[in-house]
Amino acid sequence: MVFIAADLWIYSSLMGSFTAFVEEKNHDEVTLFVQTAPEEKGEYAQWLKGIEGIIPGSAAVYLDYRDHEFVPTVGMTAATDALWREAGGSAAFRQALESSYYLETTKLRDRYQVRYDLAGGARTKVDIYFVPVIADNGYEALGTVMVLVPSTGILGFARLLRIFAIGAAIVFVAILWAVMLTRDPVTSFMVLGLMTIVLVFVAYPLIEALRLSFMKDGRFSLETWKLGLSPTYIVALWGSLKLGVATATASTIIGFMIAFLVERTAFKRKRLVSVLATMPVISPPFSLSLSIILLFGNNGLITTQLLKMKAFSIYGLGGLTVVQTISMFPIAFLTISGVLKQIDSTVEDASLDLSATRWQTFRSITLPLATPGILSAWMLVFTNSLADFANPQLLAGSLRVLSTEAYMIVTGRTNDLGGGAMLSFLLLLPTLTAFMVQRFWVARKSFVTVTGKPSTTLADLTSKRVRTFLAVVTYLVIGFIMLLYLTIVVGAFVKNWGIDYSFTLANWKAVSDSWNAIKSTVLLALIAAPTAGLLSMIAAMLIVRKNFPGKRILEVLMMTPYAIPGTLVGISYIIAFNKPPLMLVGTAAIIVINYVIRELPVGLENGITALHQIDPSIEEAAHDLGADVPTVFRTIVLPLVRPAFISSMSYTFVRAMTAVSAIIFLISAKWYHLTVKILSYSENIRFGLASVLCTVLIIIVLGVFGLMQLLVKDEKLTRKSIALR
Amino acid sequence: MEKKSVSVTLNNVTKIFKDPKGKADVLAVDDANFVVEPGELVTLLGPSGCGKTTTLRMIGGFELPTSGKVYIGGDDVTMLPPNRRDTATMFQSYGLFPHMSVFDNVAYGLRLRKIEPEAIRKQVDEYLELVGLAGYGERAPGRLSGGQQQRVALARSLIVTPSVLLLDEPLSNLDALLREQMRVEIKRIQRSLGITAVYVTHDRVEAMSLSDRVIVMKDGKIRQIGSPDEIYEKPDSRFVAGFVGKAAFFPVAIGERNEGVWECMLGDRPVHARSAAPDIVRNSRGVLMARPESLRLVDKGEGHLDGRVRMNVYLGHSLESYIQTAFGEVLVQVDDPNARTIRKEGEEVSIEFPPDRVRLLGEREE
């Protein structure tokens with residue numbers, strides 16, 4: 001049933017969009033044509049014949065306006081004459097002619113049957129346009145041109161489409177029967193459904209984007225790629241890599257120090273530090289950029305007002321590295337602390353027992369054991385840094401990086417989608433390499449043995465001095481983070497940052513100005529969160545518990561978005577979904593789909609891990625007692641994987657609320673996103689307004705996040721999955 | 001609780017587990033054929049990896065046979081999923097729903113059948129009573145002992161009045177004493193309900209004590225089907241003989257057959273034995289199987305095989321004598337040990353093979 005409805009819907013929307021497309025084109029062409037009207041009426045006959053060269057098979061008649069009436073004067077044939085006599089007095093014609101008098105181009109709603117030489121003498125259906133010929137003074141109609149355009153093209157297309165729609169319905173029914181006859185129809189349907197989703201929304205856009213990057217003017221060409229490998233963009237690639245290496249290295253060092261302090265020493269405030277240090281993970285990616293600009297920017301509070309520095313500029317590699325490090329070191333922290341936690345303290349004890357010094361023990365035991373985790377952390381931060389769009393957009397200055405270049409080439413004057421796709425693919429190379437290395441090499445080299453019983457005692461490898469040093473670094477980092485957040489909040493109440501620091505509530509009009517954006521951002525995130533949560537749990541169940549052909553492909557396709565920079569996703573979506581058969585750009589659907597597809601991998605991983613820990617005989621018992629597959633899922637699986645389910649919901653929500661890189665390509669006037677609003681306020685130096693929206697966003701995210709956490713105790717899992725994007 | 005008992009039939013059932021890479025497909029069950037009669041308790045016995053659990057799972061509908069048919073009560077159920085078969089399975093790990101109370105666990109199957117809450121309450125109480133857990137309804141399964149969890153699982157399976165009860169090593173997670181209790185309990189309930197049951201185990205004592213008939217499997221193949229005493233006393237292969245109990249094997253030369261008794265040569269002395277093995281050929285080599293309790297110790301030179309007592313292990317109701325012979329060490333069980341029957345360690349003795357108590361088997365080493 002659903003499919004039949006979908007089939008009909010696709011049919012009618014395709015039909016609609018195609019008709020609209022053709023009519024708009026015809027409309028434009030006849031309007032343009034009439035604008036070329038010659039001065040002399042004597043040349044009209046010749047001129048009117050020209051319409052045939054523009055729209056094949058069409059004909060035009062000129063009606064002169066005289067004595068308050070339009071009278072056919074030039075280009076009449078027997079057929080048009082007959083038509084005029086038959087319908088000329090009808091209400092529709094009258095209305096159209098009146099519009100012509102008011103200088104408006106009109107198309108008659110109905111199609112008319114005309115027996116004339118348009119298409120070989122047969123009776124033909126035509127669309128009729130009335131296009132006024134405007135006098136030189138610009139407000140008077142000299143007359144109007146009646147253009148008859150045969151609708152054979154549209155009708156032919158309609159017939160073709162109808163055949164396709166019927167064909168699709170037949171194929172569907174056949175599949176339905178085949179599936180019904182198998183043992184487990186529900187599973188087959190779910191597999192088919194998921195397969196369709198990933199093929200349409202993961203594979204198809206990527207292929208389209210790749211294809212477009214090899215096209216120029218509708219033909220195969222390497223030009224785009226040649227451009228990409230030209231010095232202009234190699235500089236940008238180089239910039240991305242430099243930034244990635246700098247950020248990854250700095251983040252890993254800070255992350256390791258804090259993780260070591262929290263996991264391997266007798267430090268007291270572990271919990272507090274863990275929570276505060278992971279704060280940047282759930283705030284919008286560029287909020288820290290914003291406050292860095294407020295503090296250290298060209299008119300920054302610290303640099304300009306307090307220190308009176310003139311030559312200092314935060315824009316560029318240095319400032320960007322600082323901001324990215326602050327926002328991404330939590331990734332390193334969580335990854336490394338996960339590994340450090342699992343190192344069995346007895347091996348360190350053994351080393352100390354063999355009279356190694358603490359430093360020797362750290363160097364020869366702890367560090368080698370933690371190395372895979374450290375490498376993982378580095379790779380993950382590297383990938384994130386490269387994919388980051390928002391921070392470079394605000395802070396890059398003269399540094400050029402690929403993600404923003406791709407955005408600019410797409411939104412710039414040339415509107416070069418192929419170029420954007422190419423640059424994102426260029427970005428994908430290092431990202432994917434790092435991802436693969438992390439996933440298949442580093443992760444496998446892990447020495448850490450999970451004994452299942454966390455060691456109760458810690459071999460404290462740190463002297464008091466070292467611990468104090470680590471604690472100072474940690475508090476400095478956390479203090480800096482707090483300062484940055486405080487700045488945003490203060491910025492929301494300051495009249496004109498950098499000039500006038502007096503208190504005001506005026507900025508809060510941003511909330512009412514952006515009310516629609518806030519509403520749609522929250523609404524779409526709220527739709528996406530349960531959708532992604534549910535889909536990922538279903539997919540996890542299928543992948544862990546069921547056997548079906550194509551399982552591996554499904555899994556790989558579902559995981560793919562994990563490794564792809566948001567910019568590439570965004571660009572490939574506008575390439576693939578801004579044309580038939582799936583015109584989705586501009587709708588809310590494409591934004592929700594984008595959220596769901598991008599956040600599925602993490603939910604899937606959580607779900608798979610959770611399911612692996614559940615004895616399959618629990619589900620089998622339910623199945624055996626008479627529950628069918630959906631009932632088993634609802635009454636057994638979902639309650640049992642609840643922590644994973646809720647954590648992937650909160651995860652999706654947070655990510656959807658703070659998304660920028662892909663979403664910036666997909667928003668429309670109707671469905672705007674708060675982050676894009678903040679970004680544009682920031683770019684236009686409206687820092688007060690940006691701060692207000694940023695504060696609002698953080699409050700919403702923290703609120704909903706906290707609410708969801710109340711439902712599940714496993715907060716760490718969520719934070720971790722958010723960070724490990 | 002009354003329900004007509006049904007039979008379970010497997011016709012040429014084969015199961016191959018496909019390796020995803022297509023390299024090492026596993027033949028889990030190879031052409032299994034058997035019938036479980038209505039009301040009968042049949043055990044699938046075999047070492048781990050022999051395909052017994054896979055066979056059970058095909059009856060339950062959790063696995064689809066690669067070829068062959070499964071019938072329950074005469075109906076072909078080969079393609080039916082578990083929820084549409086009239087079977088109930090007790091899993092090795094019980095598969096209790098950890099997020100539901102004991103009551104909800106037991107009520108689960110009834111709730112799916114849209115039965116009145118009042119009737120459900122009554123029935124659940126009744127079945128909890130049956131398995132001896134009255135009053136435990138509000139507990140979480142995790143707070144019960146292994147034996148109690150076991151009973152919950154049993155009640156949960158039985159309450160939907162299945163025609164066939166499938167038990168997959170249900171006692172393997174219990175300690176020895178509890179296992180014995182539950183064994184009796186299961187048999188009592190199965191008998192009183194007259195339900196057809198298939199029981200999977202690798203424990204021969206369990207199989208012997210519970211079953212009406214035992215099906216011994218190895219490497220996916222059914223090796224022998226028979227009542228417990230048939231399997232024990234008259235195994236038709238060396239594997240079955242060794243798997244279901246202690247046994248000693250001696251290589252013999254097979255001679256002629258006289259009235260169902262084979263004449264063989266053990267070394268230079270003649271012995272007589274019956275056989276059910278299919279691969280016995282006259283004037284070839286075979287193996288003589290003897291259980292420790294069927295052998296008798298006699299004075300040197302009087303029996304079939306001479307030896308010396310290496311060690312005696314006193315067990316109270318019996319005594320185990322380890323005899324060093326030309327064919328290695330042989331265990332002989334001496335029942336009712338007393339001064340008259342006990343042979344001292346180091347004494348020269350002879351072992352006698354009573355013709356009705358030893359079996360002749362094919363030579364094939366398994």
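In what follows, chains carry the letters A, B, and so on, assigned in the order in which the sequence lines appear, proteins first and then strands, with residues in each chain numbered from 1.
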Please report the shortest heavy-atom distance between [X] and [Y], naming the atom on each side.
{"X": "B:Phe91", "Y": "A:Glu620", "result": "CE2-OE1, 3.2 Å"}
{"X": "A:Ala621", "Y": "B:Arg156", "result": "CB-NH2, 3.1 Å"}
{"X": "A:Thr631", "Y": "B:Leu112", "result": "CG2-CD2, 3.5 Å"}
{"X": "B:Asn83", "Y": "A:Gly626", "result": "CB-C, 3.5 Å"}

Top contributor to chain A contacts, counting heavy-atom pairs under 4.5 Å, from B:Ala153, B:Gly109, B:Ser93, B:Ser157: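 It is B:Ser93.
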Straight-line distance of A:Glu619 CD to B:Phe62 CZ, nearest 0.5 Å: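 The CD atom of A:Glu619 sits 11.0 Å away from the CZ atom of B:Phe62.
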Nearest-0.5 Å distance that lies between atom CE in B:Met90 and atom OG in A:Ser617: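 One finds 11.0 Å between CE of B:Met90 and OG of A:Ser617.
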Top contributor to chain B interface from A:Ile614, A:Ile636, A:Val629, A:Asn547 [non-hydrogen pairs under 4.5 Å]: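 When all of A:Ile614, A:Ile636, A:Val629, A:Asn547 are compared, A:Ile636 has the most.
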Greatest number of heavy atom pairs closer than 4.5 Å to chain B - which of A:Val632, A:Thr635, A:Asp615, A:Leu625: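 So the answer, after comparing A:Val632, A:Thr635, A:Asp615, A:Leu625, is A:Leu625.
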B:Thr87 and A:Asp624, any side-chain heavy atoms less than 4.5 Å apart: yes
Any B:His99 side-chain heavy atom under 4.5 Å of A:Leu638 side chain: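 No, too far: nothing below the 4.5 Å cut-off.
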Contacting region of B:Met100 [heavy-atom separation from chain A under 4.5 Å]: side chain
Proximal component of B:Tyr108, with respect to chain A [non-hydrogen, under 4.5 Å]: side chain
Counting neighbours of [atom1] on [X] that are heavy atoms of other residues, nucleotides or ligands and sit closer than 6.0 Å, is the number greater than 12?
{"X": "B:Arg113", "atom1": "CZ", "result": "yes"}
{"X": "A:Ile553", "atom1": "CD1", "result": "no"}
{"X": "B:Lys122", "atom1": "NZ", "result": "no"}

Structural part of A:Leu640 lying under 4.5 Å from a heavy atom of chain B: side chain
